[in-house]
Amino acid sequence: MVINKDLDALLEYIHQRTRILAFELEMELSYESYNKIYYYLCRDFVGMNETEPILRDFFVEDIECNGIDTPIYVVHRYYRNIKTNIEFENLARAESFTEKLAQRCGKHISYSQPILDGSLQDGSRVNATYTKDITSRGPTFTIRKFTQTPWTPPQLISFKTLSLEMMAYLWMLVEHKMNILIAGGTGSGKTTLLNVLAFFIPPEARVVSIEDTREINLPRENWLPGVSRSATGTGEFGEVDLFTLLKASFRQRPDYIIVGEVRGKEAFVLFQGMASGHPSISTIHAESVETVIKRLETPPIELPPTLMNVLDCVCIMGQAIVNKQETRKVKEIVEIVNVEESGAALTNTPFVWNPKDNEFYFKRTSKIFEKIALRYGKNREEIEKEFRQRVIQQKKYGFHEVQDIINEYYKNPQGILKKFGIAQ
Ligand SMILES: Nc1ncnc2c1ncn2[C@@H]1O[C@H](COP(=O)(O)OP(=O)(O)OP(=O)(O)O)[C@@H](O)[C@H]1O
Ligand SMILES: [Mg+2]
């Protein structure tokens, strides 16, 4: 999938060459035959071969190939796992496709480095394997598609992933530099929510993001996106892992640090960073606050439980079936009040989602609002008022429009409130 200005030129080039070749070879081609040939040439030279149509389908979330002689599956937004009629019949074709995937990610895959982690030009995340000895059915790949323009806060509200109040609450937290962790299972929408929360970072603030594969996409200028890389030679030579990137990031004077996913020893640096006043937002693979704490205090992370006190809030994401349809929900927002030496945590849960009636419930006591009041010298009423004002209208604005409105709000809150008829 080529997304650049040269696409038209490329298509025109193929068109010209095909016509010249057809003329030289004295081929008598009907209009239909020519179009068919042209389609396959474009699909395979410019596009991603047989997978091009599904890559372009907005409703497809994931594309999964388990090897040769077995159909490719897709995960559809509504119908979930579906079998396609596409499959690789021989090893050579499958290998050549994974090589192409690697090239499109600007990486390489080979017998000695048979695992690929990368991202395509449109931001889709790719994982692929190359040889039969590690995946016995042959080369495999999994593509997690991302929409080219990321989802905005009002969009997530309209999907009922979280309520208006929850979004406004999270906005308050981001603006007041609280540390947030988004937890959930595989594909529960953690990265998507992380990206949405980043919309609320004040426009001039410097953001440094650190990821294994580039997924975060922010509509802002003052942003330094960092991506780790694997070793370039034998051993660990040339490797730049999350830990190293994160350590370096503190010298880049960030106002906010975003870590795509914490998994290993980088968590230690992240929490040290939070403790030294660098607000951070990150995701972790865990289903509840208890498992988040367990994961953080056991190897390979081994964080001392008391250091977890710098964490302000954990959002628990999950998949849920509502009206026979799979949806993503922010199941709980939990505030960390105190984590003891033993790992026992005292928490407060201002928001929960109730699966029975598919409603979000808001308990009005927020410990973090008290923290904000203390830290910023404001009183509770002011905080409540600010919170109410942030309950932005549930309209579907585009990607850039939402960012513009939020940026404008930071400069001129009254003007924006008037514009939307919230204040006189
Ligand atoms: N709120 C949502 N409503 C509907 N679909 C969503 C929502 N959030 C994410 N998705 C879709 O679900 C898929 C997975 O999302 P995402 O990558 O954010 O999950 P994740 O938890 O970060 O996954 P992983 O554990 O693999 O990193 C994406 O295709 C995305 O488009
Ligand atoms: Mg993710």
Side-chain angles (χ1 to χ4, degrees), residues 54-64 73-82 117-120 122-128 141-164 166-167 170 180-199 209-218 225 227-228 242 258-264 266 281-288 291-292 295 314-333 351 353 358 360 394 396 399 402:
I54 33 182
L55 268 171
R56 283 170 182 252
D57 188 339
F58 170 79
F59 289 96
V60 172
E61 285 180 1
D62 283 12
I63 303 170
E64 299 156 351
Y73 272 75
V74 296
V75 181
H76 192 275
R77 281 194 206 289
Y78 294 137
Y79 307 114
R80 308 318 299 168
N81 293 15
I82 314 179
D117 268 312
S119 42
L120 292 175
D122 67 348
S124 301
R125 185 179 78 187
V126 177
N127 172 277
F141 60 86
T142 311
I143 304 177
R144 157 71 45 84
K145 276 186 52 203
F146 274 98
T147 42
Q148 244 169 57
T149 45
W151 282 338
T152 58
Q155 272 171 313
L156 281 206
I157 294 169
S158 69
F159 300 155
K160 296 202 165 51
T161 300
L162 72 176
S163 67
L164 212 57
M166 287 159 106
M167 197 58 102
L170 290 170
I180 305 172
L181 204 55
I182 301 165
T186 317
S188 55
K190 303 183 289 294
T191 308
T192 307
L193 182 67
L194 174 72
N195 209 77
V196 161
L197 293 191
F199 270 78
S209 71
I210 289 154
E211 297 169 273
D212 268 331
T213 42
R214 175 77 189 277
E215 289 183 287
I216 294 166
N217 183 357
L218 308 179
V227 183
S228 67
L242 285 184
I258 296 181
V259 178
E261 187 180 336
V262 284
R263 236 180 267 130
E266 71 280 354
I281 315 174
S282 183
T283 77
I284 189 167
H285 201 124
E287 311 278 343
S288 64
T291 36
V292 167
R295 273 208 67 190
V314 180
C315 302
I316 309 285
M317 291 290 302
Q319 275 132 313
I321 310 281
V322 176
N323 298 333
K324 293 193 185 145
Q325 210 142 82
E326 205 179 87
T327 55
R328 266 103 182 167
K329 297 280 175 195
V330 177
K331 293 192 164 168
E332 273 180 340
I333 297 186
F351 295 95
W353 172 69
N358 186 22
F360 295 99
Q394 244 194 76
K396 271 192 195 163
F399 172 60
V402 171

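Whatever order the structure lists them in is the order used to number ligands and atoms, beginning at 1.
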- [ ] Determine whether the side chains of S158 and Q155 contain a donor N or O and an acceptor N or O closer than 3.5 Å.
- [x]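 Result is no, nothing qualifies.
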
Task: Check: T142/N127 side-chain N/O donor and acceptor closer than 3.5 Å - done: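 There is no such pair between these side chains.
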
Note the single closest protein heavy atom to [atom], along with its residue, its atom name and the distance in Å.
atom: atom 22 (O) of ligand 1; value: T191 OG1, 2.6 Å
atom: atom 17 (O) of ligand 1; value: R144 NH1, 2.7 Å
atom: atom 31 (O) of ligand 1; value: R77 NH1, 3.2 Å
atom: atom 24 (P) of ligand 1; value: G187 N, 3.6 Å
atom: atom 27 (O) of ligand 1; value: R125 NH1, 3.2 Å
atom: atom 18 (O) of ligand 1; value: T192 OG1, 2.6 Å
atom: atom 10 (N) of ligand 1; value: W151 CZ3, 3.6 Å

Give the atom numbers and elements of ligand 1 that come within less than 4.0 Å of a heavy atom of [X].
X: L156; result: 1 (N)
X: T161; result: 1 (N), 2 (C), 3 (N)
X: K145; result: 29 (O)

Can you check whether [X] has an N/O within less than 3.5 Å of an N/O in ligand 1?
X: S188; value: yes
X: E215; value: no
X: K190; value: yes
X: G189; value: yes

- [ ] Around the Mg ion (ligand 2), list the protein N/O/S atoms within a radius below 2.8 Å, excluding water molecules.
- [x]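 Hits for the Mg ion (ligand 2) below 2.8 Å: T191 OG1.
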
Spatial distance of atom [atom1] ([X]) from atom [atom2] ([Y]) [nearest 0.5 Å]:
X: D62; Y: N81; atom1: CG; atom2: CG; value: 9.0 Å
X: S124; Y: I143; atom1: OG; atom2: CD1; value: 7.0 Å
X: S163; Y: L156; atom1: OG; atom2: CG; value: 12.0 Å
X: R295; Y: R263; atom1: CZ; atom2: CZ; value: 8.5 Å
X: L120; Y: T213; atom1: CG; atom2: OG1; value: 11.0 Å

Open item on the list: Does the structure place the NZ or CZ of R214 under 6.0 Å from the centre of the six-membered ring of F146, at an angle of no more than 45° from the ring's axis?
Closed with: no

Open item on the list: Checking contacts here: is it the side chain or the backbone of L193 that comes within 4.0 Å of ligand 1, counting heavy atoms only? Could be both or neither.
Closed with: neither

Task: Geometric class of the W353/F360 ring pair [parallel <30°, tilted 30-60°, perpendicular >60°] - done: tilted

Task: R144, R125, R80 screened by salt bridge (Lys or Arg N to Asp or Glu O under 4.0 Å) with E61, the one that passes - done: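 Going through R144, R125, R80 one by one, the salt bridge (Lys or Arg N to Asp or Glu O under 4.0 Å) with E61 is satisfied by R80 alone.
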
- [ ] Measure from the ring center of Y78 to the ring center of F59 and say whether it is less than 6.0 Å.
- [x]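 Yes - the distance between ring centres of Y78 and F59 falls below the 6.0 Å cut-off.
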
Task: pair V259-E211: side-chain heavy atoms closer than 4.5 Å - done: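 V259 does not reach E211 side chain to side chain.
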
Task: Heavy-atom side-chain proximity of E215 to N217 below 4.5 angstrom - done: no

Open item on the list: Please determine whether any non-hydrogen atom of G184 lies less than 4.0 Å from an atom of ligand 1.
Closed with: no

Task: Sub-4.0 Å heavy-atom contact, K329 with ligand 1 - done: no

Open item on the list: Please determine whether side-chain hydrogen bond (donor to acceptor under 3.5 Å, both in side chains) holds for the pair S228 and D212, giving the CA-CA distance in whole Å, both sets of side-chain angles, and the decisive distance to 0.1 Å.
Closed with: CA-CA 5 Å; S228 67; D212 268 331; 2.7 Å; yes

